[in-house]
Amino acid sequence: MKKKIVKISGIVILLLIGVLVAIPLFLEGKIAKIIKNKVNQNINATLDFKEANLSLLKSFPDAYVDLKGISLVTNAPFEGDTLFSSGDLVLEMSIKELFKGADEPIAVKSLVLNDTKLHIMVDENENVNYDIAKEDDAAASSGNTASDSNFTFDLKSYEINNAEVVYDDFATGMHLVVAEMNHSGTGDLSLMDSELQTKTDALVSFELDSTQYLNKNKVALDALIGIDLDENKYSFLENKALVNQLPLVFDGFVKVNETDQEVDISFKTPSSDFKNFLAVIPEAYSKNIETVTTTGNFEVNGQFKGVVNETHIPTFNIKIRSENASFKYPDLPKTVKNVFIDTEINNDTGITEDTYVNIDKLSFQIDEDRFNINAKIRELMGNTKVNAHADGSMNLANIAKAYPVPAGLDLSGMLTADVTTAFDMASIEQQQYEKTKTSGKLSLTNFKYQSEELKNPVMVNDAKVSFDPSTVQLNTFDGKTGQTDFKASGKINNLLGFLFNDEKVEGNFQLNSDTFVLNDFMVGETNEEGNANEGISNAERIKIPSFLDCIIDAKANTVVYDNINLKNVAGRLKIQDETATLENLSSEVFEGKLRLNGAVSTKSEISTFDMALGMQDFKIAESFQALELFKVLAPVANALQGTLNSDVKLSGNLKNDMTPNLATLTGNLVGELLATKVNTEQAPVLNALNNNLQFIDLNALDLKNLKTVLSFDNGKVQVKPFDLKYKDIGINVSGSHSFDRQLQYQATLDVPAKYLGDEVTGLIAKIDDQNMENLTIPVTANIDGAYNSPTVSTDLTSGVSNLTKKLVEIQKQKLLNKGKDKANDLIGGLLGNNQKDTTTSDSSKSNASTLIGGLLGKKKKDSLSMDSTENKDAVKEAAKSVLGGLLGRKKKKKDTLN
């Protein structure tokens, strides 16, 4: 302790030395350079300031030295950290002090520091950032021979305005912040025996081992300090302090020796009014205590006595007493009465670790309900050992009727407790819970808890908890929130680790519910920046609690998720590391069965999921109507009536409300349609196909046992080619669509010639070849555009034209009785969907014209040839008739084939 105080004092003195050495050179304009050189020679750090000015604006012969923007930056291992900074440092001195030589003492009359910040740090290896003074031999080698005897302080006053002192000790977990500190002192420090009148006010925050004991609590001190420079003794003569609103008076002294410091200070409350107790409570919670009616007493007194050195602190004894006290707030109906406090904080040895606390009695009563606590805490600053007991009953609704609780907090119910615990922090930190001992019972009935952080109030009809040395057993937990009811039981393995060691809650639970509505729990943290991937701002992001590490076996008759009702839900939920993993979840939905395994994680900035779903006997229409995901993956399913079996694997990002971000989906779907009917009016794309292909009626399409495979990624669904059958027409379908329902599909139909009209069948009959009975033509339909307004195009016209030409050529070759092999080749080509044209020799053209005339019912003309206009028109006429029949129109002589 002394070492730290001496080092800090050395820094301040060193800064002042550096400043004062520079004053005689002020008139030469070298102040900045000299200060830096003088100070930096003595420290392992860097001193800097923005500017330095000399002012003679007040009555001569006084001068003011104003140094602006001072900062002191440390070196390794705290390289780059600012130890000290100040907005202004103003020194007042006589003008003649500026002309003194280096060996003459320089006197300073006043000192003012504005906007000063001091940040002291101790790292985990106990290195300190304020140990910046160079060794003596280094100082000597630098040529710095200035002596402290060359400086005197004729100090009449000093001020520190709006200062901040931060102490961060990462080795012990101690953090102290003194903010908005204003401190001033007046006196004559040039005398060997003087008095210094000081005034101080500040806001103090204090944290130890992640527990915050003070949070911007007001502290004020008016002190008259007697200073004896011969003995380095500082005595508290007339002193009054205020902690929050608790007044204290104290006296005693602090004496600084070469090897240690002597301390003998005693303090007490100047009165015994019980308002002193309320004053200890932060003002945000105690409110305006001036209007509170109190009876009884509250007294605090204590003493610090001993030495401070590297191994010892002063021994101390602090007593807090209150007997049969009460208090009542004027705006609240209930009185807190029979308040008894008997507590001591002691250290008998001067060894820090030996500090202990005895809470022999702490009790209070509201109406007829009384609560009692007693505890013994040993080795408070070492391996803390706790032995505590709490018992009593309390109507929680009465707390808000007797004490000003935070706004929005609504409690009710009856709490009954009888719990004893004994543990040490080392065992908890090492997770050796078998060395802890906790026993007793706790129950809560008709409990109501309402808060702005909850969407709905939580109602607990009955909750019973029992404690044994290693676990906390949740025997009963029966409650409701919103439309959700729940009954739970289970155990927590490490309650003390969660409460004292920042561990996660570990346990196993069983949860049963008749109705479980997920929307009742949809409350999360506000994401001010929004989600860049989704363009959402100021949205609530649902988070999986980071402190949970548990397994929940759940059953529910009905689970409501958005607009979907799941029946007979059962499965296991594992929560760990902000990830919820579902195992073997089963449910009944859409008159079928659902199996689900997967995980949801909210650990990263964007929530993610990875799921595997198995669906059996799903009603297609209902499921595709309710699930936005299925509408995107297979929009045409809206026209299907029947059932579906499917396996789906998918992963992607989640929006803030836990719904999938469809643009990020990746996965695949394997589906099998069962007993399915088609209603083309419900699907524009099927209706468009029906209108373009007159020889097929998709409403009569048989999709039973059809299996499809879809894959999706980057906002696009790819359909693996699959085959289906309409009567004796084979159909092959392939293609893709985007999540915004832009289509790019192709359906290839293998159409038998008999569906292509009477003229085609007549031509085939005249050929009189058995192989021609199975003749088919491929027709390709291309489907593009938006799902709601698709475009369908086919190659039907060119296909029929080619077929007609080839049928004519085959019959011509047969009638000529020449080239029989050639005719057979042509027939084989047709059956093999060969699209190549066949030509004949000039010598057979006349006989072929006779064939065409016969096929078309015309009289043979000797002059007819294959090159004649009449012959070409005959072929065109035959093809036109076929196409007209195919498209379901009445054939007209004036029709032409395009």
Side-chain angles (χ1 to χ4, degrees), residues 590-592 613 615 617-648 650 660 662-663 665 667-727 729-749 779-794:
F590 306 126
E591 301 186 33
L613 298 90
M615 296 169 282
D617 296 328
F618 265 37
K619 287 291 184 181
I620 298 175
E622 289 87 339
S623 60
F624 280 75
Q625 183 64 31
L627 297 175
E628 186 66 26
L629 173 63
F630 283 1
K631 292 179 184 179
V632 169
L633 294 183
V636 74
N638 187 49
L640 304 182
Q641 300 291 327
T643 57
L644 166 74
N645 290 344
S646 181
D647 290 312
V648 184
L650 67 162
L662 298 179
L665 284 186
N668 58 73
L669 179 152
V670 178
E672 181 182 14
L673 303 178
L674 307 173
T676 304
K677 295 182 180 180
V678 180
N679 180 2
T680 59
E681 296 298 327
Q682 297 295 321
V685 64
L686 297 181
N687 197 40
L689 275 173
N690 251 2
N691 293 334
N692 279 271
L693 301 174
Q694 296 299 322
F695 53 82
I696 192 169
D697 181 7
L698 293 179
N699 289 294
L701 194 63
D702 183 9
L703 299 179
K704 186 176 181 180
N705 299 324
L706 173 66
K707 294 184 179 180
T708 60
V709 178
L710 311 179
S711 62
F712 39 93
D713 190 13
N714 295 323
K716 190 173 184 179
V717 179
Q718 191 75 37
V719 178
K720 185 177 180 180
F722 64 91
D723 296 316
L724 51 88
K725 202 82 171 176
Y726 170 75
K727 296 182 180 180
I729 300 176
I731 305 174
N732 179 270
V733 180
S734 64
S736 64
H737 67 268
S738 60
F739 284 176
D740 58 359
R741 300 188 180 187
Q742 294 296 315
L743 308 176
Q744 194 172 10
Y745 279 92
Q746 187 178 80
T748 302
L749 298 84
V779 176
T780 301
N782 293 302
I783 307 162
D784 299 292
Y787 176 76
N788 292 329
S789 57
T791 59
V792 177
S793 61
T794 71

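Reckoned from all heavy atoms, side chains included, excluding hydrogens, waters and symmetry mates.
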Original post:
Given the rule in the side chain to side chain contact (heavy atoms under 4.5 Å, CB included) test, do Leu650 and Leu613 qualify, once you have shown the distances and angles that lead to the verdict?
Top reply: CA-CA 9 Å; Leu650 67 162; Leu613 298 90; 3.3 Å; yes

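Evaluation of the side-chain contact (heavy atoms from CB on, under 4.5 Å) rule for Glu622 yields Phe590, Glu591, Lys619 as partners, not counting sequence neighbours. Residues passing the side-chain hydrogen bond (donor to acceptor under 3.5 Å, both in side chains) test with Ser738 are Asp740, sequence neighbours excluded. In this structure Ala663 satisfies the side-chain contact (heavy atoms from CB on, under 4.5 Å) test together with Asn661, sequence neighbours excluded. Applying the side-chain hydrogen bond (donor to acceptor under 3.5 Å, both in side chains) criterion to Asp617, with sequence neighbours excluded, gives no partner residue. Take Tyr745 and apply the side-chain hydrogen bond (donor to acceptor under 3.5 Å, both in side chains) test, not counting sequence neighbours, and it matches His737. Not counting sequence neighbours, the partners of Asn699 by the side-chain hydrogen bond (donor to acceptor under 3.5 Å, both in side chains) test are Thr680, Asp697. In this structure Phe712 satisfies the ring pair (Phe, Tyr, Trp, His ring centres under 6.0 Å) test with no other residue, sequence neighbours excluded.
Side-chain atoms of Leu644 and Leu674, non-hydrogen and from C-beta on, never get closer than 4.5 Å to each other. Taking the side chain as every heavy atom from C-beta outward, Val733 and Val719 never approach each other to under 4.5 Å.
Side-chain atoms of Asn645 do not come within 3.5 Å of backbone N or O of Glu672 as any donor-acceptor pair.
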Give the table of side-chain donor-acceptor pairs shorter than 3.5 Å for residues 780-790, with sequence neighbours excluded, one pair per line with atom names and distance.
residue	atom	partner	partner atom	Å
Asn782	OD1	Gln746	NE2	3.1
Tyr787	OH	Pro635	O	3.1

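Of all heavy-atom pairs spanning Val648 and Ser646, the tightest one is CG2-OG, 3.6 Å. Of all the heavy atoms in Leu633 and Leu669, the pair that sits closest is CD1-CD1, 4.2 Å. Nearest heavy atoms, Pro721 versus Ser734: CG-CB, 3.7 Å. Across all non-hydrogen atoms, the minimal contact from Thr643 to Ile620 is O-CD1, 3.4 Å.
Counting non-hydrogen atoms of neighbouring residues, nucleotides and ligands closer than 6.0 angstrom, the CD atom of Gln742 exceeds 12 such neighbours. Asn714 CG: 12 or fewer foreign heavy atoms inside a 6.0 Å radius.
A distance of 9.5 Å separates CG of Asn690 from CG of Leu701, quoted to the nearest 0.5 Å. Note that the CD1 atom of Ile696 and the CD1 atom of Ile729 stand 5.0 Å from one another [nearest 0.5 Å]. Taken to the nearest 0.5 Å, the CG atom of Leu724 stands 12.5 Å off from the CG atom of Asn705.
Legend: side chain to side chain donor-acceptor pair (under 3.5 Å) pairs involving residues 716-727, not counting sequence neighbours, sorted by first then second residue: Asp723-Asn732. Annotation: salt bridge (Lys or Arg N to Asp or Glu O under 4.0 Å) contacts involving residues 634-647, sequence neighbours excluded, comprise Arg595-Asp647.
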